[in-house]
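Residue numbers begin at 1 in each chain, while the letters A, B, ... track the order of the sequences. Remember, predicted model here, so these are calculated numbers, not experimental data.
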Number of protein chains: 2
Amino acid sequence: MQDSRAETHTSMAAHEVLAVVLQIRQERLSVLLWRRARPPFEKCWVLPGGRLGTAEGLGESIRRQLAQKVDVRDLAHLEQLETRGDPGRHPHGRTLATAYLGLVPADIDPVIPGDTAWHPASDLPPMGFDHAAIVHSGRRRLRAKLSYTNIGFALAPPEFTMSELSRYYRAALGHDVAATNLRRVLLRRGQIEETGESVPSGRSGGRPAALFRFRVRRLEITDAFAVLRPPQV
Amino acid sequence: MQDSRAETHTSMAAHEVLAVVLQIRQERLSVLLWRRARPPFEKCWVLPGGRLGTAEGLGESIRRQLAQKVDVRDLAHLEQLETRGDPGRHPHGRTLATAYLGLVPADIDPVIPGDTAWHPASDLPPMGFDHAAIVHSGRRRLRAKLSYTNIGFALAPPEFTMSELSRYYRAALGHDVAATNLRRVLLRRGQIEETGESVPSGRSGGRPAALFRFRVRRLEITDAFAVLRPPQV
DNA sequence: CCTAGTTTATGCCTTGTAGGCGAAAACTCG
DNA sequence: CGAGTTTTCGCCTACAAGGCATAAACTAGG
């Protein structure tokens, strides 16, 4: 390994943390964006975040920065997504960015500052830097994890009916999800359970829907997911 | 968002890139480690890597640095793993590290410098910094991806018999993998195909084994993997 | 040349998950 | 009470994963 002191100061670079904060809003998967007031990319939309502080960890930093945008307690899930360090990604000089994926349950309407807004993740406004690509990474990650983890807990409110939940899944996945099948899959996996209560059905009557909740509200990987699993004893 | 200029210089930090380079060696999953000659962690083992250069991207940088350890052409796969930025992770000052996962096919024996060595991934020597934890992340990632991608191509040689391949999977997964089932799974998924040739079986005779190859030698996600998939047309 | 031993390949079967579909249940409204 | 609506349940199919026994194809020894 070469002597690291030889190029010590050349490897110093600004580092920022960003977050792709997603929420289902009016049946659409939406992302929280911030409108830049200054060049570069003035008046373009970018991901919330900012410079990494001197003595804070990466996750710590993005939580602090997000607290200026949404109440941190609104985030049901936060995980590291990817780090980008292309030399040309920031016009004003070398800047690395570590992006996180954050999820806000659908029942919450966080107070957000005037310079931020929710945008449909499938119809992004003009965005600065490489942030549009990062949003796509976040969507991909969410879609994949809906398949083999219990990450739905971070999209849904604490209690929900199966038809509500299927609409959340539809918005996040981009295609129809049959409530019948969703119920069976999640029940068999032990991800959800009935609360025992039920709510009268929507606008025009119908059978009252049972209420469900996620049994665990932090990320778990579906054990039966792995193929080529160890021979069972 | 706060004025980033207010703390511009405080967010400058050293950034390094590291690699968890894995290979199946003598039936064991092994990781390439470098023995430090200087404090901190003198004589401990650490991951290969080093400071990020001024004008290079992250992936570019780790490829360059690995070229000093293993021939870059030996790497069949390289992907970003995670970024660590804990303030206390480096005793000499703030250092962020972006780790990559690299895989070397089992038939290659790369020329490596004298200060590096392969170690069993399940029996690591005393390691510096947080690098042991990063190795564990790499193992987890590999194990998971063996389940739902064709990443086996990066562990196996270009051609192999099913019993060879099942030994590679066993070493990487840490449990027995029946050659019969592996064959069916990978064939059905279209990941592997017969070459048409066969080799006489090993030491004490037996039916000659058919040779297989991976159809695609770059990462692909198994399409049928997703649950809650779109309704088929 | 034949047989025993070894290894690989094939076929049959069981299990379990995903998912479609229709009937039944449980409500609202007129 | 009956029509319309929504949810729930049960039945069925499709298919992947995986266990196991047997067949196939070779080597080596007598």
Would [X] and [Y] count as having a side-chain donor-acceptor pair, cut-off 3.5 Å?
X	Y	answer
Thr195(B)	Glu159(B)	no
Gln23(B)	Arg25(B)	yes
His15(A)	Thr98(A)	yes

Shortest side-chain distance from Val185(A), nucleotide among dC20(D), dG18(D), dA18(C): dA18(C)
Regarding the side chain of Thr180(B), the nearest nucleotide among dC27(C), dT8(D), dG11(C) is dG11(C)
Name the residue closer to the 5' end of DNA chain C, choosing between Leu228(B) and Leu211(B) according to the nucleotide with the nearest heavy atom. Leu211(B)
Mapping Leu186(A) and Ser198(A) to their closest nucleotides on DNA chain C, which lands nearer the 5' end? Leu186(A)
Nucleotide [N], atom [atom2] - distance to [atom1] of [X] in whole Å:
X	N	atom1	atom2	value
Leu187(B)	dG18(D)	CG	P	15 Å
Met162(A)	dC9(D)	CE	P	11 Å
Leu182(A)	dT8(D)	CG	P	12 Å
Gln191(A)	dA18(C)	CD	P	10 Å
Asn181(A)	dT7(D)	CG	C1'	15 Å
His175(A)	dG19(C)	NE2	C1'	13 Å
Arg189(A)	dG16(C)	CZ	C1'	13 Å
Phe160(A)	dT6(D)	CZ	P	20 Å

Does any donor-acceptor pair link the side chain of Arg184(A) with the base of dG19(C) at a separation under 3.5 Å? yes
Does a distance-only test, which skips hydrogens and angles, find a donor-acceptor pair under 3.5 Å between the side chain of Arg183(B) and the base of dG18(D)? no
To the nearest 0.5 Å, what is the distance between CG (Leu75(A)) and CZ (Arg73(A))? 11.5 Å
Under 4.0 angstrom, heavy atoms only, what part of the nucleic acid is [X] near: base, sugar-phosphate, or nothing?
X	value
Thr161(A)	nothing
Ala179(A)	nothing
Ser163(A)	sugar-phosphate

On the nucleotide [N], are OP1 or OP2 found under 4.0 Å from the side-chain N or O atoms that [X] carries?
X	N	result
Arg207(A)	dA24(C)	no
Arg229(B)	dA18(C)	no
Arg188(A)	dA18(C)	yes

Does the gap between the ring centers of Phe160(A) and Tyr168(A) come in under 6.0 Å? no
